[in-house]
There are 2 protein chains.
Amino acid sequence: MKKLTKVLNTLMVEIFNDILTIEQTALKKGHFSDLSVTEMHTIEAIGMYHPRTMSEVALDLKITVGTLTTAINRLVKKGYVERKRVEDDRRVVKIQLTKKGKLAYRIHEKFHTDMIHAMIEGLNVEDEEILVKSLSQLSNYLKKHYHLNE
Amino acid sequence: MKKLTKVLNTLMVEIFNDILTIEQTALKKGHFSDLSVTEMHTIEAIGMYHPRTMSEVALDLKITVGTLTTAINRLVKKGYVERKRVEDDRRVVKIQLTKKGKLAYRIHEKFHTDMIHAMIEGLNVEDEEILVKSLSQLSNYLKKHYHLNE
DNA sequence: TAGATATACTTTGATTATCAAAATATTTGA
DNA sequence: TCAAATATTTTGATAATCAAAGTATATCTA
């Protein structure tokens, strides 16, 4: 393997694993020690502003609605999420974050922005463009080669 | 949130999720449809060349040895891994990849190098350096701020 | 407009991944 | 020699996941 490829691969794998580990331990130690990474991502997918249906959120998370049902059961019990039936169409359930859920969302958001700030610290504008370009190329490659467009 | 931060954050999250999804579906569709992502990572951690102990591999994967035992049971049953007792110290079990395991390892390795090649396609040497620099900064930040050094 | 079909969600039953703690086998040290 | 330490496996529990079956409601068609 070419040296640069090896360096970049190692970096990407490390970053990947570190982020997973950090999300776990940061949650365990922090204010929301009763949330798993999966639960945090569910909260992220529900989002801050509009109530969303079970189907929408399950699609975003790429899990079945059945799986989401059990996840939401737990998040409701823990006080992060609220469920309500839609009166216009009583088959539909909308879920939204409680105050506590929104707080968790914001803290997780900050975790993300802190990371990005660290990544771009000391880069000038041209450097930033190159970073965006290379990551875009990777993202496009992944979507093209693996037909990930929804 | 600053625009650049938002763009980079979105890119990173997308790449993160896409890679997870791709690993899953690529495995399912490919030659090794009986391997989960977790199992593939276990194969990766065992490595191509030297037999390794249960404790070593569990440490690398950041899982308990008990969890690894059940994972290895399945991989042995499926023919990817071999176990052997060490004669000098009969408490120790060394695990190594079978021929089939090594083939899986190489295919997964190629998946990684293909991705990296896509990421750096069209970049010149200075661009590459900036990419390495920014990813290194991110990696260092993660390790420093979260005490991840083993 | 009644009955069939479709839709949105929940429940059920099964599997995988995980941990902590107990159990087993072996080695080392006093 | 036997107590303590080490390496692994087993056990019992929980979370995350899916497919398929079940429930409630809405829509379409004859």
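- If you check every strand for non-hydrogen atoms under 4.0 Å, B:Ser36 touches sugar and phosphate atoms only.
- The interatomic distance linking A:Glu56 (CD) with C:dA8 (P) rounds to 10 Å, in whole Å.
- The distance between atom CG of A:Asn73 and atom P of D:dA15, rounded to the nearest whole Å, is 12 Å.
- Listed pair A:Thr64 / D:dT17 fails the phosphate criterion, with no side-chain N or O lying under 4.0 Å from OP1 or OP2.
- Taking the side chain as every heavy atom from C-beta outward, A:Lys6 and A:Lys3 never approach each other to under 4.5 Å.
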Under the salt bridge (charged side-chain N to carboxylate O under 4.0 Å, His left out) criterion, do A:Glu82 and A:Lys94 qualify, and how do the steps go? CA-CA 8 Å; A:Glu82 279 168 356; A:Lys94 291 228 177 182; over 6 Å; no
CA sep, side-chain torsions, deciding dist, call: A:Asn73, A:Arg83, side chain to side chain contact (heavy atoms under 4.5 Å, CB included): CA-CA 9 Å; A:Asn73 286 344; A:Arg83 262 196 183 98; 2.9 Å; yes
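- The distance from atom CG of B:Asp34 to atom C1' of C:dT15 is 15 Å, rounded to the nearest whole Å.
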Carefully, step by step, assess B:Glu23 and B:His108 under the rule side chain to side chain contact (heavy atoms under 4.5 Å, CB included). CA-CA 9 Å; B:Glu23 289 199 327; B:His108 190 247; 3.0 Å; yes
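- The interatomic distance linking B:Met54 (CE) with C:dT26 (C1') rounds to 17 Å, in whole Å.
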Side chain to side chain contact (heavy atoms under 4.5 Å, CB included), that's the test. Do A:Arg52 and A:Asp60 meet it? Break it down for me. CA-CA 11 Å; A:Arg52 306 191 65 204; A:Asp60 277 11; 2.9 Å; yes
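- Of the residues in residues 74-96 of chain A, those with a non-hydrogen atom less than 4.0 angstrom from any atom of DNA chain C are A:Arg83, A:Arg91, A:Val92, A:Val93.
- Of the possible polar contacts, none joining the B:Glu14 side chain to the B:Leu11 backbone as a donor-acceptor pair under 3.5 Å is found.
- Distance A:Ile63 CD1 to C:dT10 C1': 14 Å, rounded to the nearest Å.
- Atom pair A:Leu61:CG and D:dA16:P shows a separation of 12 Å (rounding to whole Å applied).
- Under 4.0 angstrom from either OP1 or OP2 of C:dT18 there lies no side-chain N or O belonging to B:Thr67.
- If you check every strand for non-hydrogen atoms under 4.0 Å, A:Thr70 touches a base.
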Please determine whether side chain to side chain donor-acceptor pair (under 3.5 Å) holds for the pair A:Asp34 and A:Tyr80, giving the CA-CA distance in whole Å, both sets of side-chain angles, and the decisive distance to 0.1 Å. CA-CA 11 Å; A:Asp34 62 343; A:Tyr80 292 94; 2.6 Å; yes
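- Taking atom CG on A:Leu35 and atom P on D:dA15, their separation rounds to 13 Å, with Å as the unit.
- Protein atom CG of B:Leu59 is 12 Å distant from nucleotide atom P of C:dC19, rounded to whole Å.
- For DNA chain C, no neighbouring residue in residues 39-51 of chain A is found when judged by any heavy atom under 4.0 Å.
- Among the atoms of the strands shown, only primed sugar atoms or phosphate atoms (P, OP1, OP2) are found under 4.0 Å from some heavy atom of A:Thr38.
- Using a 4.5 Å cut-off on side-chain heavy atoms (C-beta onward), B:Ile46 and B:Val81 make contact.
- Residue A:Arg85 qualifies as enclosed at atom CZ: its count of foreign heavy atoms under 6.0 Å is above 12.
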